[in-house]
Structures are given as C-alpha cells and as structure tokens.
Amino acid sequence: MRIGAIEAGGTKFVCGIGSESGAIEERISFPTEHPERVMEQVIEYFKDKKVEAIGIGTFGPIDIDPLSETYGSVTTTPKPSWSGFPFLETLKREFRVPFGWDTDVNAAAYGEAAWGAAKGLDSCVYFTIGTGIGLGVYSEGRLVHGLVHPEGGHILPRRHPDDRFSGHCPYHGDCLEGLAAGPAIEKRWGVKGSELGADHPAWAMEAYYLGQAVTSAILMLSPKIVIMGGGVMQQKQLLPMIRAEVGKNLNGYVNAAALQAGMDNYIVAPGLGDNAGLCGSLALGLAALEHSGQS
C-alpha cells in the first residue's frame, strides 16, 4: 500500500508516503505560511504519488464533526489566515481517495499506539510541548472526541510561587500553553529555551507546570502510558524533572503497578521519535482506507 501522510504543524508542514507497516518511505517539509501557498505545495507533492488514502494530523483547533457544515476546517487558531480555512475540502477537490482527519497530537497518540511506545496498549496520552501545547488521547482502543477534541494545552494550572510572568496565550493568558510553551519560555526569560543551560531555573518552573498537566491527565484519564514529545522536550533534563513532579503530586494516591515500578517506563519520550506525528497521520490514512472498504 501507498498511504499519504500530512503532519501540519504550527511551524512547518511535513508530507510523506508510507506503508501499512508504519514505515515512512519518503518525505518533504516546508514552512507553515499562508494556507493557499501551503496547499499548492501539498497538492504538487501528492499529485503524482498514486496514494490510496491520505491521513492528516493538523494543528488546531479544528472541526472534527462529520455532520458539521464546517467539518474539515481550522477553527479558532490565532495563526494568521488559517482560521476558517477549509483544509480538508481543499484536498478533497484534488484527490478522490479516503481521508483521515484529526489533530496533530491525536495523530501522534494514534501512531504511538500503532507502532511506538504504546504499542500493545489500549490507552495512552500524548503531550506535545513546542510552539503550542497539545494533548492527544487514545482510550479503549480509539481516539477520544466529544464536543470537539482534547485541548489539554489550555487547562489552568496552579501558578509557580516565583513566576511573575503574565502568560502568553491570546485567549487565556496564563493557561498551560501561555506559561509553558516554547514562546512563553522565550518571552519570560528573554531568550529561546534552546539557549538556556540545563541548570537554568526555567526548567524547574517548566517541570512544575508540565508535572501538573501530566498529573491531571493521569487522574482524569487513567492512561496506561504517558508520552511527551515536541521541541521543548528535547531538553533531556526535563523528563526526569517532570517524573519527579508527578510523583510528588500523586503522593502515592494512585495504586497501580506501573507507577509503583517507577516513572521511567510510564512517562516516556515518543517511541517513534520525530516520526510520531507523521506516522500517526499515516495511521489515520490507513484507518480511513479500512473504513471505506477499499483496502
């Protein structure tokens, strides 16, 4: 099989071709610019690929209700020119194949469940910490949708006692994304996170906020594994600090063998590495093909 995959991120689009085994055979990337320009590049890439389906995992929020008049559109994103853009319909006009459609972080959770750190498990949550903060939820063998889709990046955490930063989210100010996403780190400390040393106090504060988010996810969703990806998580010192915060927050309350054995194998980096999002989009395409009955 040849399945198309689109990982539409806030900074860049990645398009690729993969197989039913989860292997990515080729890829291309380009900046997330004006939607018309981006779609031209996406269409040009896929036009001669002869794919059997295309899966799309995109930045959000998006309309995922198939009965909605605006299904397949980006909704309330602050990204210029993208709010209201008919993403899915634009591609359906060009390609007569089944399409999978979900958030980029739900796609990453799906990919990790199919081929990565959550393989063999029927539940996981996936946090991405980068330009924004997103939460993907896979539970009882399926991705979770409801009123819309999970928006765990906009929960309201308890403020760190030493944090005087007002927050960076245009909607909520000091929500999790407004306090702990990459742009918030840069605005609070005056430099990009990648320029801060491993012992900088920024990372203890970051772990404090992300630890609350993970704790909340564990208590509300009871996932069998927590996966943390995104550019900010490239800071290798951060994952152990988050595990420590979660352990402190839970304080022995959740009686589960996976937690009693230690956090190292429970709160983990993506098993698929940087391919989590693209592989997840591939998995969405495969699922759409199977649902269509054309596989």
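- Distance check, rounded to the nearest 0.5 Å: OG1 of T103 to CD1 of I64 gives 7.5 Å.
- Between Y209 and H160 the shortest heavy-atom distance is OH-N, 3.0 Å.
- We find that E89 and K92 are not joined by a salt bridge, their nearest charged nitrogen and carboxylate oxygen being 4.0 Å or further apart.
- No chain of hydrophobic side-chain contacts below 4.5 Å, direct or via other Ile, Leu, Val, Met, Phe, Trp or Tyr residues, connects L278 to L91.
- Cluster membership for L135 and V232, using ILVMFWY side-chain heavy atoms within less than 4.5 angstrom, is shared.
- Counting only distance, with no hydrogens or angles, the side chain of D122 and the backbone of S139 share no donor-acceptor pair below 3.5 Å.
- Here the shortest heavy-atom pairing between Y71 and L88 reads CE2-CD2, 3.6 Å.
- Between the side chain of Y138 and the backbone N or O of E112, no donor-acceptor pair lies under 3.5 Å.
- Considering CD of E33 and NZ of K79, their distance stands at 10.5 Å, rounded to 0.5 Å.
- Between the side chain of R2 and the main chain of I17, no donor-acceptor pair closer than 3.5 Å is present.
- Heavy atoms only, all atoms of each residue included: A202 and W189 are closest at CB-NE1, 3.2 Å.
- At least one side-chain heavy atom of L179 sits less than 4.5 Å from a side-chain heavy atom of R188.
- A donor-acceptor pair is defined here as one N or O able to donate and one able to accept, closer than 3.5 Å; such a pair exists between the side chain of R159 and the backbone of F165.
- A donor-acceptor contact shorter than 3.5 Å links the side chain of S281 to the backbone of G277.
- Between Y266 and V246, the closest side-chain pair of non-hydrogen atoms is not below 4.5 Å.
- Note that NZ of K236 and CE of M241 are 15.0 Å apart. Values are rounded to the nearest 0.5 Å.
- Grouping the Ile, Leu, Val, Met, Phe, Trp and Tyr side chains by contacts below 4.5 angstrom, directly or via other members, places W101 with F85.
- Counting only heavy atoms from C-beta outward, the side chains of K49 and E26 approach each other to under 4.5 Å.
- Between the S19 side chain and the M1 main chain, no donor and acceptor come within less than 3.5 Å of each other.
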For side chain to side chain contact (heavy atoms under 4.5 Å, CB included), just list the numbers for M228 and L238, CA-CA rounded to whole Å, side-chain angles, deciding distance to a tenth of an Å, and then say yes or no. CA-CA 10 Å; M228 306 200 71; L238 193 51; over 6 Å; no
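- No continuous path of ILVMFWY side-chain contacts below 4.5 Å connects F95 to L282, so the two sit in separate hydrophobic clusters.
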Could you walk me through whether I3 and E20 satisfy the side chain to side chain contact (heavy atoms under 4.5 Å, CB included) test, starting with their C-alpha distance in whole Å, then the side-chain angles of each, then the deciding distance to 0.1 Å, before giving a yes or no? CA-CA 8 Å; I3 307 297; E20 65 271 27; over 6 Å; no
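- Between L176 and G152, the closest heavy-atom pair is CD2-O, 3.7 Å.
- Open room surrounds NZ on K119; 12 or fewer heavy atoms of other groups in view lie less than 6.0 Å from it.
- At least one side-chain heavy atom of D102 sits less than 4.5 Å from a side-chain heavy atom of H145.
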Could you walk me through whether T215 and L250 pass the side chain to side chain contact (heavy atoms under 4.5 Å, CB included) test, one step at a time? CA-CA 7 Å; T215 302; L250 290 175; 3.9 Å; yes
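- The number of heavy-atom neighbours closer than 6.0 Å to CD of E25, taken from other residues, nucleotides and ligands shown, is above 12.
- For the pair T76 and S83, the tightest heavy-atom approach, listed with the atom from each and the gap, is CA-OG, 4.1 Å.
- Interatomic distance, N265 CG to R243 CZ, rounded to the nearest 0.5 Å: 8.0 Å.
- To the nearest 0.5 Å, the span separating CG on N255 from OH on Y253 amounts to 11.0 Å.
- Residues V97 and F46 form no side-chain contact, since every pair of their non-hydrogen atoms from C-beta on lies 4.5 Å or further apart.
- You'll find the side chain of P270 reaches within 4.5 Å of the side chain of Y126, heavy atoms only.
- A donor-acceptor pair is defined here as one N or O able to donate and one able to accept, closer than 3.5 Å; no such pair exists between the side chain of T75 and the backbone of D63.
- Atoms CD and CG, from Q234 and D274 in turn, are 6.0 Å apart once rounded to the nearest 0.5 Å.
- Note on V125 and I218: same hydrophobic cluster, where clusters join Ile, Leu, Val, Met, Phe, Trp and Tyr whose side-chain heavy atoms are under 4.5 Å apart, directly or indirectly.
- Between the side chain of T128 and the backbone N or O of G134 there is no donor-acceptor pair closer than 3.5 Å.
- E69 CD: 12 or fewer foreign heavy atoms inside a 6.0 Å radius.
- Between F13 and F87, the angle of the ring planes stays under 30°, which puts this pair in the parallel group of the 30/60° scheme.
- Looking only at side-chain heavy atoms (C-beta outward), R27 and N275 come within less than 4.5 Å of each other.
- The shortest heavy-atom contact between E177 and I133 is OE1-N, 2.9 Å.
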Could you go step by step and tell me if I62 and H149 meet the side chain to side chain contact (heavy atoms under 4.5 Å, CB included) rule? CA-CA 8 Å; I62 59 175; H149 46 74; 3.8 Å; yes
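- Side-chain contact check for T58 versus I6: every heavy-atom pair is 4.5 Å or farther apart.
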